[in-house]
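Down below is the structure, laid out as structure tokens.
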Amino acid sequence: MQVSSILQGGYAHPLSRKWQARRSLEKNMFMYPIFITDDPSASVEIPTLPGQRRWGVDRLEEFLGPLVKKGLSSVILFGVPLNAAKDDCGTPADDLEGPVIQAIKLLRKSFPELYVAADVCLCEYTSHGHCGILNHDHTINTEPSVERISQVALSYAQAGVHCVAPSDMMDGRILGIKRKLIDNGFGNKVTLMSYSAKFASGLYGPFRDAAGSAPSFGNRKCYQLPPQAKGLARRAITRDVNEGADIIMVKPALPYLDVINDASQLAPDHPIACYQVSGEYAMVVAGANAGVYDLKDMAFETSESMVRAGATLILSYFTPQFLDWLDV
């Protein structure tokens, strides 16, 4: 046997196995998605998203306080307007009394060291459930969509958010948001994290239940990327880098590890985020509950695969568990 054939000595010990990783999971690599509803006292279970809840602003401090003490460093907020009057242009998205802006202000005051990001989209707030403003034939009207989304991002910046994260997939919205932030004095104060390669996936079902964001007609396949479109994803990543994105995101994560790797090569000087979306999380939990594997082992395996592919930030519903698991 050739000397070069012997590999097992290099990972025979638990410590030497850890050394084989190019980068290990750390607490600060996890961003926790939080659903904020317009009932201030809400704490409502989400049946299709095990262990996750919709929270009212008045309950956030008691919920997040213990997690911050354990090392939670960042969250991303998603608005769930159950009582708002939705319309064609998503007016409630940047309502100053709405749940997202109120939550941004509360978290900045209560947890000064916590990094607060906010998802920027219109689907939760439009009467039709699509992510942009529509033409009469139900196609996307790009220019007013970009302007509206840019205004929502600016409103969140004015409320004190650290990071705006547009998930709408409208063409040109990164340039539009960046210009809006710069023109209003936030260009060097607020991070722009782009959902650059967001695919039209079947794994979003639990999220749409949680956020009430399912479209009332049609689907989002004309603006979210086709699952087989590797080249289109690469073009979208390159475009968003050129338009001023500070962080590049791939969503979902596990079925698109090759795209995460592409992003790390196309944008080697940018942080690379990925979103382990609701359906991915629910599948891992369901498999563990069925006895297929151990929950912790599979949470680590899936998350480590994302880091191996090139991710430096993971949006994950497992974040609270990792705050405990990474202490061991």
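Below, each value reflects all heavy atoms present in this structure, side chains not excepted, and no hydrogens, waters or symmetry copies.
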Original post:
CZ of R59: more than 12 outside heavy atoms within 6.0 angstrom?
Top reply: yes
Subject >> Least distance between heavy atoms, Q265 atom then P268 atom >> reply: O-CD, 3.3 Å
**OP:** Decide side-chain contact (heavy atoms from CB on, under 4.5 Å) for S305 and L254; before the verdict, give the C-alpha distance in whole Å, the side-chain angles of both, and the deciding distance to 0.1 Å.
**Re:** CA-CA 8 Å; S305 74; L254 200 59; 3.4 Å; yes
Original post:
Taking atom CG of L106 and atom CG of D58, what is their separation to the nearest 0.5 Å?
Top reply: 8.0 Å
Original post:
Any link between V116 and F111 through a network of hydrophobic side chains (Ile, Leu, Val, Met, Phe, Trp, Tyr) touching at under 4.5 Å?
Top reply: yes
Subject >> Under the salt bridge (charged side-chain N to carboxylate O under 4.0 Å, His left out) test, residues paired with D95 that sit two or more places apart >> reply: none
Original post:
Between N261 (side chain) and A309 (backbone), is there a donor-acceptor pair under 3.5 Å?
Top reply: yes
Original post:
Does E113 CD have over 12 foreign heavy atoms under 6.0 Å away?
Top reply: no
**OP:** Spell out, as yes or no, whether a donor-acceptor pair under 3.5 Å connects the side chain of R54 to the backbone of V44.
**Re:** no
Original post:
With ILVMFWY side chains joined below 4.5 Å, transitively, what does L7's cluster contain besides itself?
Top reply: Y11
Original post:
Below 4.5 Å, heavy atoms only, C-beta onward: do V164 and L181 meet side chain to side chain?
Top reply: yes
**OP:** Identify whether the distance between the nearest side-chain nitrogen and carboxylate oxygen of K27 and D327 falls below 4.0 Å.
**Re:** yes
Original post:
Does Q20 CD have over 12 foreign heavy atoms under 6.0 Å away?
Top reply: yes
Subject >> Q52 and E45, any side-chain heavy atoms less than 4.5 Å apart >> reply: no
Original post:
To the nearest 0.5 Å, how far apart are CG in L203 and NZ in K251?
Top reply: 10.5 Å
Subject >> salt bridge (charged side-chain N to carboxylate O under 4.0 Å, His left out) partners for D183, two or more places apart >> reply: R179
**OP:** Determine the interplanar angle of the W325 and F318 rings, folded into 0 to 90°, and report it as parallel if under 30°, tilted if 30 to 60°, perpendicular if over 60°.
**Re:** tilted
Original post:
So among S316, P33, P252, S167, which one has a side-chain contact (heavy atoms from CB on, under 4.5 Å) with Y275?
Top reply: P33
Original post:
Would you say the side chain of I272 lies within less than 4.5 Å of the side chain of I260, judging by non-hydrogen atoms?
Top reply: yes
**OP:** Sequence neighbours left out, what pairs pass ring pair (Phe, Tyr, Trp, His ring centres under 6.0 Å) with at least one residue falling in residues 153-201?
**Re:** Y115-H162, F199-Y256
Original post:
Any side-chain heavy-atom pair from V80 and D38 closer than 4.5 angstrom?
Top reply: no
**OP:** Just do the side-chain contact (heavy atoms from CB on, under 4.5 Å) check on M29 and V307 with the steps written out, would you?
**Re:** CA-CA 9 Å; M29 297 171 67; V307 174; 3.4 Å; yes
Original post:
So if you build clusters from Ile, Leu, Val, Met, Phe, Trp, Tyr with side-chain heavy-atom gaps below 4.5 Å, do L175 and V241 land together?
Top reply: no
Subject >> Taking every non-hydrogen atom, the tightest pair across A273 and I247 >> reply: CB-CG2, 3.9 Å
Subject >> Worked check of side-chain contact (heavy atoms from CB on, under 4.5 Å) between T48 and S278 >> reply: CA-CA 9 Å; T48 55; S278 59; over 6 Å; no
Subject >> Test item: T37 side-chain N/O and W55 main-chain N/O as donor-acceptor pair under 3.5 Å >> reply: no
Original post:
Tell me, do P226 and L232 make a side-chain contact under 4.5 Å, heavy atoms counted?
Top reply: yes
Subject >> Non-hydrogen atoms of P227 and A200 that approach each other most closely >> reply: CG-O, 3.6 Å
Subject >> Pair R173 + E243, salt bridge at N-O below 4.0 Å >> reply: no
Original post:
Is the backbone N or O of L96 less than 3.5 Å from a side-chain atom of Q102, with the two atoms forming a donor-acceptor pair by type?
Top reply: yes
Original post:
Hey, does E124 have a side-chain heavy atom less than 4.5 Å from the side chain of D119?
Top reply: yes
Original post:
Any donor and acceptor pair, going by atom type alone, linking the side chain of Q224 with main-chain N or O of A197 inside 3.5 Å?
Top reply: no
Subject >> Residue pair T319 / I314, side-chain heavy-atom distance below 4.5 Å >> reply: no
**OP:** Report the C-alpha distance between D94 and R148 in whole Å, list the side-chain angles of each, state the deciding distance to 0.1 Å, and finish with yes or no for salt bridge (charged side-chain N to carboxylate O under 4.0 Å, His left out).
**Re:** CA-CA 10 Å; D94 52 355; R148 177 72 187 115; 2.9 Å; yes
Subject >> Partner residues of Y293 under the ring-ring contact (aromatic ring centres under 6.0 Å, His included) criterion, sequence neighbours left out >> reply: none
**OP:** Return yes if a side-chain donor-acceptor contact under 3.5 Å exists between E280 and T302, otherwise no.
**Re:** no
Subject >> For D258, the option from R234, R308, K230 that meets salt bridge (charged side-chain N to carboxylate O under 4.0 Å, His left out) >> reply: K230
Original post:
What is the distance from atom CG of L313 to atom CE of M193, rounded to the nearest 0.5 Å?
Top reply: 6.0 Å
**OP:** Would you check if there is a donor-acceptor pair between the side chains of D171 and T142 at a distance under 3.5 Å?
**Re:** no
Subject >> Distance, nearest 0.5 Å, that separates SG of C163 from CG of L192 >> reply: 7.5 Å
**OP:** Rounded to the nearest 0.5 Å, what's the gap from NZ on K178 to CG on D240? Could you check?
**Re:** 11.5 Å
Original post:
Under the side-chain contact (heavy atoms from CB on, under 4.5 Å) criterion, do V277 and L315 qualify, and how do the steps go?
Top reply: CA-CA 8 Å; V277 301; L315 284 68; over 6 Å; no
Original post:
Can you tell me if CD on E301 sees more than 12 non-hydrogen neighbours from other groups inside 6.0 Å?
Top reply: no
Exercise answer: donor-acceptor pairs, residues 70-77 side-chain atoms, under 3.5 Å, sequence neighbours excluded:
unit_1 : atom_1 : unit_2 : atom_2 : d
K70    : NZ     : D324   : OD1    : 3.2
K70    : NZ     : D324   : OD2    : 3.4
S74    : OG     : F30    : O      : 3.3

Original post:
Name the one of Y32, F322, Y281 that satisfies ring-ring contact (aromatic ring centres under 6.0 Å, His included) with Y317?
Top reply: Y281
Original post:
Do the non-hydrogen side-chain atoms of V100 and F78 ever get within less than 4.5 Å of each other?
Top reply: no
Original post:
Once you round to the nearest 0.5 Å, how far does CG of N289 lie from CG of L295?
Top reply: 7.5 Å
Original post:
With hydrophobic residues grouped by side-chain heavy-atom distances under 4.5 Å, do I182 and V120 end up in a single group?
Top reply: no
